[in-house]
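Here is the structure we will look at.
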Number of protein chains: 2
Amino acid sequence: MVSIISVAKAAGVSNKTVSRVINGEPYVTEETRERVEKAIRDLGYIPNMAARLIRSSRSNTFGIITDYVSTTPYSVDIVRGIQDWANANGKTILMANTGGSSKREAEIWKMFQSHRIDGVLYVTMYRRTVDPQAGDVRIPTVMINCRPQTHELLPSIEPDDYQGAQDLTRYLLGRGHRKIGYIRLNPILLGAQLRLDAFRKTAAEFGLAESDLSIRLGMEGPVGAEKNYVFAVATEMLQQKDRPTAIMSGNDEMTIQIYIAAMALGLRIPEDVSIVGFDDFRTVSLALKPELTTAALPYYDLGLEGAELLNSVVTGNKVPSSRVMPCKLVERTSVRSV
Amino acid sequence: MVSIISVAKAAGVSNKTVSRVINGEPYVTEETRERVEKAIRDLGYIPNMAARLIRSSRSNTFGIITDYVSTTPYSVDIVRGIQDWANANGKTILMANTGGSSKREAEIWKMFQSHRIDGVLYVTMYRRTVDPQAGDVRIPTVMINCRPQTHELLPSIEPDDYQGAQDLTRYLLGRGHRKIGYIRLNPILLGAQLRLDAFRKTAAEFGLAESDLSIRLGMEGPVGAEKNYVFAVATEMLQQKDRPTAIMSGNDEMTIQIYIAAMALGLRIPEDVSIVGFDDFRTVSLALKPELTTAALPYYDLGLEGAELLNSVVTGNKVPSSRVMPCKLVERTSVRSV
DNA sequence: TTGTATGCGTTATCAG
DNA sequence: CTGATAACGCATACAA
């Protein structure tokens, strides 16, 4: 393996001078610099991070801990945001997922520690409260899409589910809908409660009575093994004599079943019933016809900003606190004015 | 930072003895071992991988290079398979994605090299041929879901699209369907051609004429910016006087549009028309009602086996060659016998 | 069964 | 501006 010393020999300088060139330090003649750079190119020298770390105790590496990657294709964008930030800032990403096991999680923290990573991004695939199982390990951490359940005060960055649902509700109201159905997400998800609250409060502020709202549970049970009532519930809701003119769905995925339920009853979208989703999971929202009006969860930005936040924690630049990022309403064609 | 030497001092032994305990080497008294282990616990000592690597030049780390993670939620399972293997075998995973830029890819290879990783898993989100842009970097590599375009002969592991489509076609044929529609995937995807070939040949072997087959293009154009004709094509196909009794879809995602097209025409599934997908992208295949019969792409196993394969390349145990993994037919309720 | 000495590829110190 | 040398945390060879 070609090391800094071989380069030094080839360039006829000392190892320290090579080190200076590599790290862009001052006090090197332009001529020396060029000679060293040539030697580096010729020999195909690539610095050894491990050796660097052992001296400088800064690994320039962030770790990502996720819970379930596979079962939720939605939030992979968080990871992409992190990776883009890392790429733009010369950081390396170590990645591991717990699969929900806290034993495995403890091992991951140790593994991260053994690599002397600079910071951890703790990412959950659904927004929820969690308790990182770091054991004795102490590494600067930023939580993305989740927040600590108890004592420990870790900075976090989350989507603004409330504002997203509020925007969606106002949108429906603004288009004249006065009878609105709501099919709820799994209540164990933090976003579920916030979205429902926003829906209820916004409708009430607008003067709708609770009886104008038809609120039903679409899913429940543990993540990954939930019971799914969406199709049945949507069918019932749409068979009511005084059926809603619009249905708001807990998320885009559930909307597939609402579409199918409506169509099976011979109802057209949006002529007979308007539908809005949540998440902007494009695999679904663009595949549905008419395409789905929904609120986009800012997953990519969560990752990007989370990494940036972690970096400022690590370098001690700012005192970081918890943040919330807005959801953006994406207007397509699944809603009509009444 | 607590090092092996602090542990040695605390336990009243030499650094080498501590090293023996850590690495589970023989020739340590049970009593000494216990004393060392206690010191390790007390001090919260965690080995420094960087220091270990610098001596042993085996990083126990694999790198994953992906192209597009975000736009394709489908194949995240590959990554999960890799991570599970890594976890079970004490390896660490370094991850980076190119976003399609070969400049960035070259940087990633260098970054991997600078971390002295043992091997690279080159993963694409769609099955296709690619040319790794490794530059001068030489690291053992296994390709997952793709194969090298040119000269270089890298071991690869891919799903058996042909067999999957063959099984699906036989399934339809076995259920009495004799007029079958096929809506094609984007032709730039390797799987698209294979699936179509399998469909055509299997139907021909069974005695169907080309005129019994209604084959239409569902999508085309560059990945991430493709044109989507599925809804229109499905609608046309189902309006034909002599319409197919079953439609085979390029993938599950496209099936959403086929369902909606059928239902908008007042057709019931599967009574009036049977539908099969491909991929078993469960977000879709389980959300559709009736639930979708489809062929499951073995993504998780691709990751698991790919990592295993890479490991045998790295350790030089086997001479690895290219492999193909079967797709599994998942029977649900979207097909009826005619 | 245990310990000592040396070296891995860097960066840091300090002297030139 | 440049270089000699120490030091980082660990593993390896060899000695005891």
Side-chain angles (χ1 to χ4, degrees), chain A residues 1-40 43-61 90 92 110-118, chain B residues 1-40 43-61 90 92 110-118:
Chain A
M1 187 90 296
V2 29
S3 79
I4 205 169
I5 293 195
S6 9
V7 175
K9 275 195 190 119
V13 297
S14 78
N15 53 353
K16 178 58 192 167
T17 301
V18 177
S19 176
R20 284 197 182 89
V21 172
I22 294 168
N23 298 299
E25 289 170 29
Y27 306 126
V28 183
T29 333
E30 191 53 37
E31 188 247 322
T32 317
R33 180 180 307 276
E34 270 164 21
R35 217 169 53 231
V36 171
E37 277 167 353
K38 181 171 184 320
I40 289 178
L43 274 59
Y45 165 77
I46 295 183
N48 183 328
M49 292 308 224
R52 177 174 295 174
L53 166 60
I54 220 180
R55 278 302 301 164
S56 59
S57 64
R58 202 7 119 40
S59 61
N60 273 315
T61 300
T92 305
K110 279 205 176 148
M111 185 268 279
F112 278 176
Q113 176 70 292
S114 79
H115 282 273
R116 303 296 188 266
I117 66 172
D118 298 330
Chain B
M1 186 91 293
V2 28
S3 80
I4 205 170
I5 294 197
S6 7
V7 175
K9 277 198 189 118
V13 297
S14 79
N15 51 355
K16 177 57 193 168
T17 300
V18 177
S19 176
R20 284 199 181 88
V21 172
I22 294 169
N23 298 302
E25 289 169 30
Y27 306 127
V28 184
T29 333
E30 191 51 37
E31 189 247 321
T32 319
R33 181 180 306 277
E34 269 164 22
R35 216 168 55 228
V36 171
E37 276 167 354
K38 180 171 185 319
I40 290 178
L43 274 58
Y45 166 75
I46 294 182
N48 184 329
M49 292 308 227
R52 180 174 295 177
L53 164 61
I54 218 180
R55 284 294 302 155
S56 56
S57 66
R58 194 25 102 46
S59 62
N60 273 315
T61 300
T92 305
K110 279 205 176 146
M111 186 267 279
F112 279 176
Q113 174 71 290
S114 79
H115 282 274
R116 302 295 188 268
I117 66 171
D118 298 331

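Chain naming here is simple, since letters A, B, ... match the order of the sequence lines and numbering starts at 1 in each.
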| What closest approach, in Å, do V2(B) and Y45(B) show between heavy atoms, and which atom pair accounts for it? | O-CD1, 3.3 Å
| note | Side-chain contact check for S14(A): nearest option of dG9(D), dA4(D), dT2(C) is dA4(D)
| query | Atom OH of Y45(B) to atom P of dG9(D): distance rounded to whole Å? | reply | 10 Å
| said: What is the distance, to the nearest angstrom, from the CD atom on E30(B) to the P atom on dT1(C)? | reply: 11 Å
| said: Between T29(B) and dT2(C), is there a contact of a side-chain N or O with OP1 or OP2 at under 4.0 Å? | reply: yes
| task | Any chance you could encode DNA chain D as dot-bracket? Rule is Watson-Crick or G-U wobble with both distances under 3.5 Å; [ ] for pairs crossing earlier ones, | for another strand. | result | ||||||||||||||||
| query | Roughly how many Å is it from CZ in R52(B) to P in dT10(C), rounded to a whole number? | reply | 20 Å
| remark: Rounded to whole Å, the CD1-P distance (I40(B) to dC10(D)) equals 10 Å
| query | Taking 4.0 angstrom as the limit, do R35(B) and E31(B) come out as a salt bridge? | reply | yes
| Options dC10(D), dT2(C), dT2(D), nucleotide nearest the side-chain atoms of T32(A) | dT2(D)
| message | Can a side-chain donor-acceptor contact be found between H115(A) and T92(B) if the only test is distance below 3.5 angstrom? | response | yes
| task | Taking only the side-chain heavy atoms of T17(A) (C-beta and beyond), determine which of dT11(C), dT12(D), dG3(D) contains the nearest atom. | result | dG3(D)
| task | Please check if atom NZ in K16(B) has more than 12 non-hydrogen atoms from other residues, nucleotides or ligands closer than 6.0 Å. | result | yes
| said: Minimum heavy-atom separation for I22(B) and P47(B), please, with both atom names. | reply: CG2-CG, 4.4 Å
| message | Measure CD/E31(B) against C1'/dT2(C) and give the value in whole Å, please. | response | 13 Å
| query | Just checking N23(B): base, sugar-phosphate only, or nothing, at a heavy-atom cut-off of under 4.0 Å? | reply | sugar-phosphate
| Nucleotide dG9(D), atom P - distance to NE2 of H115(A) in whole Å | 17 Å
| query | Quick one: does N48(A)'s side chain get under 4.5 Å of S3(A)'s, heavy atoms only? | reply | no
| query | When you measure from the side chain of Y27(B), which nucleotide among dA11(D), dT1(C), dG3(C) comes out closest? | reply | dT1(C)
| message | Could you tell me how far apart N48(A) (CG) and dT11(C) (C1') are, to the nearest whole angstrom? | response | 13 Å
| request: With rounding to the nearest 0.5 Å, note down the distance linking CD1 in I54(B) to OG in S59(B). | output: 13.0 Å
| remark: DNA chain C nearest-nucleotide lookup for R20(B) and N15(A): closer to the 5′ end is R20(B)
| Is there a donor and acceptor pair, one atom on the side chain of R55(A) and one on the base of dA12(C), closer than 3.5 Å? | no
| request: Could you grab the distance from atom CZ of F112(B) to atom CD1 of I46(A), nearest 0.5 Å is fine? | output: 12.5 Å
| T61(A) to I117(A) - nearest heavy-atom pair and separation | O-CB, 3.5 Å
| Has S19(A) got a side-chain N or O lying under 4.0 Å from the OP1 or OP2 atom of dT11(C)? | yes
| query | Taking DNA chain C as the partner, which of residues 2-10 of chain B come within under 4.0 angstrom of it by heavy atom? | reply | none
| task | Take atom CD1 of I54(A) and atom P of dA6(D), then tell me their distance rounded to the nearest Å. | result | 17 Å
| Does atom NZ of K9(A) have more than 12 heavy-atom neighbours from other groups under 6.0 Å away? | no
